Amino acid sequence: MDKRSFSTPVDLHDIAVTDSFWRQEMELVRQAVIPYQWEALNDRVEGAAPSWCLHNFRAAAKLMRRKKAEGAAFKPPVYDPSRRFNALPADPSQADEDTFYGYVFQDSDFSKWIEAVGYSLAQHPDPALEALADGAIDLVCAAQDDTGYLDTHYIVNGMDQAFTNLKDNHELYCLGHLVEAAVSYYQGTGKDKLLKAACRFADYVDERFGPEEGKMRGYPGHEITEMALLRLYEVTGEEKYRRLACFFLDERGATPNYFELEGRRRAEREGKPFKPADYSYYQAHKPVREQEEIVGHAVRAMYLCSGMADAARLNRDEALLDACRRLWRSTVREKMYITGGVGGTAHGEAFSFPFDLPNGLAYSESCAAIGLAFFARRMLEIEPKAEYGDVMELALYNTVLAGMALDGKSFFYVNPLSVNPEACRRDARFEHVKPVRQKWFGCACCPPNIARIVSSVGAYAWTRSDTTLYTHLYLGGSVRFKGLALELTTGMPWSGDGKAVVHAEAPISCTLAFRLPGWSDGAQVACPGKQTEIRNGYCYLSGAWREGDEIALRFPMRARLRVADARVREDAGKAALTRGPIVYCLEQADNGPDLHLARLSPEALGAACEHVEVLDGKIGGHPVKLLRAPGKRLVQKEGGALYTDYEAPVFRDAALTFIPYFTWANRGEGEMDVWVRTV
Ligand code: FUB
Ligand code: ZN
């Protein structure tokens with residue numbers, strides 16, 4: 001491990017994103033998504049599934065007020081496991097103000113929202129938004145128990161059973177999200193009220209978990225706590241948070257299995273038979289350092305890998321880094337969709353077996369693609385290799401952005417690569433697939449997760465070490481590093497050409513490193529007079545930088561016809577069109593129904609796609625590049641018998657119009673396909 005190549009994200013205060021693409025996405029989050037989600041968290045969006053998130057904090061805060069007022073006379077609620085999911089009132093206005101509703105992890109939706117607010121405020125001060133967030137933080141802090149414990153599910157239902165079901169009940173996950181939120185808000189605003197609350201909860205957990213005699217040897221049933229505690233360690237310098245995170249990582253999957261132990265204890269207490277679970281769903285089937293294949297719930301797996309990568313970097317832990325590399329390879333070489341989505345099966349929202357990547361039945365949860373971007377960035381922080389940057393870019397531009405409507409007011413949880421709306425409506429196997437984005441979800445993990453990653457996209461674009469500024473993603477804007485400002489002008493994601501101009505009052509010696517995108521043949525980064533070295537798909541330019549130094553970025557971008565490995569059964573005989581980092585798809589709105597009859601004409605296209613036209617278009621008012629490719633349609637026999645004798649197929653010419661995958665389903669309901677038959 002060469003720690004000279006280690007880097008960490010550039011502080012968002014030092015970044016200004018100004019290009020027309022990402023600036024617009026970030027402004028959408030700031031002006032539309034954050035306010036909309038605040039309404040959703042307060043159950044005020046008509047026709048949307050209630051969140052209960054703020055309701056639960058209010059119920060917990062009320063209970064805490066009562067606890068303080070009554071002192072020793074206070075009788076805490078006693079947990080009833082059969083009420084883990086309290087029946088939801090048909091009409092939210094009929095909700096009981098003292099009852100917890102929704103999933104056990106509803107608190108995390110607030111945390112993701114506040115995290116997005118923190119990132120946004122770092123780059124765009126907004127006193128009204130900050131005042132709203134401060135008020136929300138006051139409420140959340142009022143819900144905290146005086147021990148530091150802060151999880152409304154148990155506070156309201158009975159803390160006597162706190163930490164008795166780590167496998168499923170998400171308290172440590174909620175801690176993780178709270179920490180991420182608190183750090184972001186602290187970094188964005190300088191305010192530490194939430195940070196103090198998060199530290200108190202983390203301290204409470206630290207006092208109860210660990211290898212020491214008398215402490216619990218458990219770990220999160222849903223990872224995130226690990227990377228969050230490591231971030232808290234980096235911000236506070238408190239060694240205990242690093243120790244706790246590493247304990248959680250290394251204890252996972254140890255024998256005896258903790259989830260089994262706690263499950264047996266619970267069964268005994270409740271007088272029920274013990275049912276073992278499949279611990280690979282939780283990545284707890286064996287110690288993380290021994291894991292070879294990425295398995296189980298996809299978001300959990302990606303968050304785990306992200307925590308492992310953070311620990312590998314902070315502890316210079318070669319063995320852990322090797323495990324990260326293995327799991328990375330297993331993910332991107334065998335289990336990732338061409339859209340950068342992961343999680344091939346709805347069964348457990350999980351990774352399936354290698355090369356099982358169904359298009360229509362895909363799960364590809366928005367959160368899982370976000371987790372893949374987290375993992376990729378952390379690997380880049382350790383060893384800058386273009387492969388990580390390529391995957392991070394792919395996930396962000398395609399599955400992550402597809403998760404949010406162009407107006408920011410509806411969301412996908414599941415991101416299929418093929419949709420037949422009738423199947424979604426009538427076939428229970430497709431129940432998880434929605435043909436249009438939803439206003440909200442009972443389990444709304446994805447929408448605020450998209451908000452937090454989009455508003456912090458700058459931290460994925462640039463990382464820095466003492467000597468080097470790395471540009472991983474090409475966002476237009478500027479970034480400050482060691483007394484210089486690097487101003488990037490790009491046409492991404494529609495054009496690969498751009499430039500970077502240095503602004504510096506005095507000469508500064510350092511290295512500027514730029515990713516050479518894998519989608520570009522003959523990518524070039526050049527600056528006359530600077531020492532140039534290409535390593536692992538990055539171009540390193542070193543020397544004394546002066547005001548006006550200009551770096552030419554030339555990343556030829558062309559439409560590409562892509563095919564999948566033959567082991568991906570669903571994609572055999574099919575191809576997908578991509579251009580730069582953007583994956584394209586066919587939509588009914590442009591191509592009519594029955595997309596399964598469409599054929600790309602590879603003989604006309606050729607490998608170089610010279611016959612694909614690149615057109616300027618608009619989807620939902622947003623300027624995009626469309627692709628028009630020569631194609632055909634299979635002419636079907638009309639209204640005949642279900643089965644007839646074979647006859648040579650007849651095709652008619654039909655040009656095919658492709659739109660960027662992230663823009664699909666912004667013009668109403670219809671069929672969609674990423675993979676199109678070529679034979
Ligand atoms: O369990 C918390 C979140 O809810 C997961 O990350 C998502 O997959 C959804 O199940
Ligand atoms: Zn999600």
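Note that ligands are numbered from 1 as they come in the structure, with each ligand's atoms numbered from 1 the same way. In this text, all values refer to a predicted model and were calculated from it rather than measured experimentally.
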Under 2.8 Å from the Zn ion (ligand 2), which protein N, O or S atoms do you find? Ignore water molecules.
E365 OE2, C367 SG, C445 SG, C446 SG

Report the C-alpha distance between E234 and R313 in whole Å, list the side-chain angles of each, state the deciding distance to 0.1 Å, and finish with yes or no for salt bridge (Lys or Arg N to Asp or Glu O under 4.0 Å).
CA-CA 12 Å; E234 291 198 87; R313 174 177 57 83; 2.9 Å; yes

Are [X] and [Y] near enough that their ring centres are under 6.0 Å apart?
X    : Y    : result
H55  : Y101 : yes
F259 : Y282 : yes
F662 : F21  : yes

Residues pairing under salt bridge (charged side-chain N to carboxylate O under 4.0 Å, His left out) where one sits in residues 279-296, two or more places apart or in two chains, turn out to be D250-R289, R289-D317, E292-R326, E293-K335

Return a table of donor-acceptor pairs under 3.5 angstrom between the side chains of residues 31-38 and protein atoms on other chains or two or more places apart.
| residue | atom | partner | partner atom | Å |
| --- | --- | --- | --- | --- |
| Q31 | NE2 | E27 | OE1 | 2.6 |
| Y36 | OH | K409 | O | 3.3 |
| Y36 | OH | K439 | O | 2.9 |
| Q37 | NE2 | P447 | O | 3.1 |

Select all protein residues for which some heavy-atom-to-ligand 1 distance is less than 4.0 Å, and list them by chain and number.
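The answer is F105, H170, Y173, H222, H297, V299, E349, E365, Y413, C443, C445, counting any residue whose heavy atom sits under 4.0 Å from ligand 1.
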
Taking L406's backbone N and O only, do any of them form a donor-acceptor pair with N666's side chain (distance below 3.5 Å, no angle check)?
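A pair under 3.5 Å: yes.
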
Counting neighbours of CZ on R208 that are heavy atoms of other residues, nucleotides or ligands and sit closer than 6.0 Å, is the number greater than 12?
yes

Determine whether more than 12 heavy atoms belonging to other residues, nucleotides or ligands lie under 6.0 Å from atom CZ of F247.
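Count over threshold, so yes.
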
